[in-house]
Amino acid sequence: MVRVLLPDGSARELADGATAATLAASVGRRLARDAVIAVSDGVEIDLSTPLTDGAGVEIVTAASERGLHTLRHSTAHVLAQAVLGLYPGATFAIGPPVADGFYYDFELPGGATFSDEDLERIAERMREIIAADQPFVRREIDATEALEVFAEHPYKREIIERVSAAGDESADADADLATEAPGGDVVSCYANGDDFVDLCLGPHVPSTGRLGHFALQRVAGAYWRGDSDRPMLQRIYGTAWASAADLKAHLHRLAEAAKRDHRRLARQLDLVSWPEELGPGLAVWHPKGALVRHLMEDYSRSRHVEAGYEFVYTPHLAKANLWETSGHLDFYAESMYPPMELDGAAYYPKPMNCPLHVMIYRSSQRSYRDLPLRLFELGAVYRYELSGAVHGLLRSRGFTQDDSHIFATPDQVPSELASLLDFVLSVLRAFGFENFQAKLSTKPARKAVGPDDMWDLATEGLRAALESAGLDYVMDVGGGAFYGPKIDVDVTDAIGRAWQLSTLQVDFNLPERFDLHYTAADGRRRRPLMIHRALFGSVERFFGVLLEHYAGAFPTWLAPVQASVLPVAADHADYAAHVAGELRVAGVRTEVAASDEPLGRRVRAAKLQKVPYVLVVGAADVAAGTAGVNARTGDPERGVPLADVRARILADAVAGR
RNA sequence: GCCCGAGUAGCUCAGUCGGCAGAGCGAUUCAUUCGUAAUGAAUAGGUCCGGGGUUCGAUUCCCCGCUCGGGCUCCA
């Protein structure tokens, strides 16, 4: 007899040898049908696993995240089975579930690659495997035997060797391998069909027949173990869902997200374009885009003034000497544009503003009374991004940082960090972002300067700031800049995507390299610390993120055109001009759409341009001094007095921020 | 930089198994004067990304390059 506890607190007794599947069946037919895996005392198990007496057991269906995860993981196995069956000599690496789907990495003989036609063929074979309803059979074998089983598969052998050498700690150290093997001398495998076995931690769905609502999406190159020094594998991405309806809904969401693409919206709304003549990652700003950008920058400036920043300007170029002293030529050279040689000196376009701000600090003697000194610049920087990384406004080779450098005494750093983080979040909220996720990045393993105790001190200061702000954060071990640890703030946009925007970095390196000091209260010379802080991150990128966040419908205070006045017929043109004039005097950005086209068409055009207020004026309005108001949200209204129209738009224009 | 894919009118995209280049939207002109998401007609608009090759003939096939998209790496 086996006794298990169910999530509702009840207990259930089953015959000896009962499996999770037995349990599901005893609870109900429907659960037995929908069950994917089970969780026993917190550990995921196959349905075929015998239950342990006294365990707390939960049956998992594909309705839960955990169940879907399993479904995707199992689908990845079927993908691998199909590929290995169709392409003799192919080998496989890892194939984990990821958000909304899964991937699997392969290597084809002779460095061959997959094409889109291959994907169709592979999907076809996958459907055959699924139709055959092959059971997933788990087997645990020792590492030596596993090396024989996977004799033809070097990447699998590498995984087995790594996990058996590293023991149980490997699961933490190699998160990407965690779905493959648990560590230790015994590894688990899952076989399905006669000829397919994969190294895998499991668990899996009971049989391939449980799968089916999947789509193979694309093929991409991916470096083995994410390392650009290792071979590039062929990665196939797919998505998988519990039902055909879920799959369809997901594909629909992807299509909707594509409609928000800032590159598409920028063209449709006449904001920004990327002339091929200029080169990759280089945009031109049209009048409406430039206006929105101007409004963003103006708002940023006014907030910075309030917060005690001082504004500076620095040139786009500086001599090699500066970048040698700063360490950029040692640690950052591959991202820098090549120098221009002039008068026997090499001038580099700046990839960062910091060394130039240091020059301002160093221009005079500093006292502790001057600190913290907060310098701010909208500084254009140029970075040589890899051509494959460039992406519209979100990743470009020339961009403008809203960059500030705070020079502070070591004592001031903790409180300065805390107030900086508050300031950053407050400004982000003003632009309509509500959800934040922070990341605390520590010392990089390879390229880093400065002693460990300084890194520890600075990292703790950042951690304290996060905790005092009450912000959720994750650790990114080794993700820091070469000169110090950092906090990056991600915002979540209207459709749930995360964007990295703000960054807060402690720097003990530049003050050292440039030999900065200040006179302390006791008259001694001390070394200040620097804090690097970008809020938008990049003005261009922030604009792109805002554009996608709002799907082009900027809040009224940022909308390039806030009101469009539409005379019903030519007779009302003078009145329309009068209304527009009144609004403009009041500070509302207003256009008039003349009556050559039918009214409905002009309304549609204004709506497509996401104008917040469409104002329709006809004979009744001329007589009464009113306008029809068709706001972006809500139903059209008639006969609103002009003074009310103006007041409403003005109120809306300040409400958002 | 690496892997896969794409580049045809201002935009979105058809098309040509190698033989005079197509649509819708947009633009322009004319007519229409209309009360809330597409009025009608006409006209203009193309180095089919660039360069080379194969061919009687290349937008189409081949090679090289450029740009863009999706990934990897990197990152604001």
Side-chain angles (χ1 to χ4, degrees), chain A residues 103 105 108 111-119 217-237 258 261 263-264 267-268 270 273-282 334-335 351-352 381 383-397 399-403 479 481 486 488-489 499-503 505 532 534-542 544-545 566-573 594-609 614-621 627-631 635-639:
Chain A
Y103 67 80
D105 287 347
L108 296 175
T113 57
F114 291 117
S115 68
D116 288 350
E117 291 80 58
D118 290 315
L119 288 193
Q217 294 170 296
R218 63 185 68 91
V219 52
Y223 297 110
W224 168 233
R225 299 185 54 64
D227 184 341
S228 56
D229 293 333
R230 299 198 199 219
M232 176 159 280
L233 306 176
Q234 289 284 299
R235 174 171 297 179
I236 295 176
Y237 279 95
D261 189 308
R263 292 160 300 188
R264 176 187 171 120
R267 261 193 293 271
Q268 283 170 355
D270 196 16
S273 64
W274 290 265
E276 217 174 271
E277 290 81 349
L278 303 195
L282 301 170
E334 63 189 29
S335 295
M352 297 187 193
V381 296
R383 297 184 185 174
Y384 181 74
E385 297 292 342
L386 294 179
S387 63
V390 170
H391 180 93
L393 291 175
L394 302 183
R395 191 76 185 279
S396 58
R397 286 179 170 172
F399 62 96
T400 310
Q401 286 188 309
D402 59 335
D403 206 1
K486 61 175 182 172
D488 291 311
V489 179
W499 302 95
Q500 186 183 315
L501 300 175
S502 313
T503 183
Q505 313 178 348
H532 304 242
L535 199 164
F536 293 155
S538 140
V539 176
E540 291 84 350
R541 177 190 176 88
F542 193 81
V545 171
L566 280 48
V568 169
D571 289 349
H572 319 121
S595 61
D596 312 27
E597 301 285 350
L599 181 65
R601 186 184 186 83
R602 285 176 285 145
V603 170
R604 178 170 193 267
K607 292 291 184 185
L608 288 176
Q609 287 297 304
V614 176
L615 306 177
V616 175
V617 294
D621 297 298
V629 177
N630 186 341
D635 297 324
E637 298 168 61
R638 292 280 291 269

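Any value given below was found using the heavy atoms of this structure, including those in side chains, with hydrogens, waters and symmetry copies removed. Per chain, numbering begins at 1; letters A, B, ... match sequence-line order.
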Work out how far the P atom of B:C64 is from that of B:C2, and round it to whole angstrom. 13 Å
Distance, rounded to the nearest Å, where A:Phe399 contributes CZ and B:C74 contributes C1': 12 Å
Integer-rounded Å distance: B:C2 C1' and A:Arg230 CZ: 16 Å
Inter-nucleotide P distance (B:C62, B:U55), Å rounded: 16 Å
Can you find a donor-acceptor N/O pair under 3.5 angstrom joining the side chain of A:Tyr223 to the base of B:G1? yes
Is there a donor N/O on one and an acceptor N/O on the other, under 3.5 Å, for the side chain of A:Arg395 and the base of B:C74? yes
Residues that A:Tyr223 engages under ring-ring contact (aromatic ring centres under 6.0 Å, His included), provided they are two or more places apart: none
Show the distances under 3.5 angstrom between N or O atoms of the protein and N or O atoms of nucleotides 4-6 of chain B.
residue : atom : partner  : partner atom : Å
B:C4    : OP1  : A:Thr113 : OG1          : 2.9

Closest nucleotide of RNA chain B for A:Arg267 versus for A:Leu393: which of these residues is on the 5' side? A:Arg267
Can A:Glu540 and A:Ser396 be counted as having a side-chain donor-acceptor contact under 3.5 angstrom? no
Whole angstroms only, please: what is the CD-C1' distance between A:Glu334 and B:U73? 11 Å
Which whole-number value in Å describes the distance from A:Leu501 CG to B:A76 P? 12 Å
Could you tell me the separation between the CZ atom of A:Arg397 and the C1' atom of B:C66, rounded to a whole number of Å? 12 Å
State plainly whether the residues A:Asp227 and A:Arg225 are in salt-bridge range, i.e. N to O under 4.0 Å. no
A:Thr503 and A:Gln505 side chains, donor-acceptor separation under 3.5 Å: yes
Which one of A:Gln401, A:Arg397, A:Arg395 satisfies the side-chain contact (heavy atoms from CB on, under 4.5 Å) criterion with A:Phe399? A:Gln401
Distance between the C1' atoms of B:G57 and B:U73, in whole angstroms? 46 Å
Nucleotide-resolved protein contact map, nucleotides 37-45 of chain B, B/S/- at heavy-atom distance under 4.0 Å: BBB------
A:Asp229 CG - B:C74 C1' separation (whole Å): 13 Å
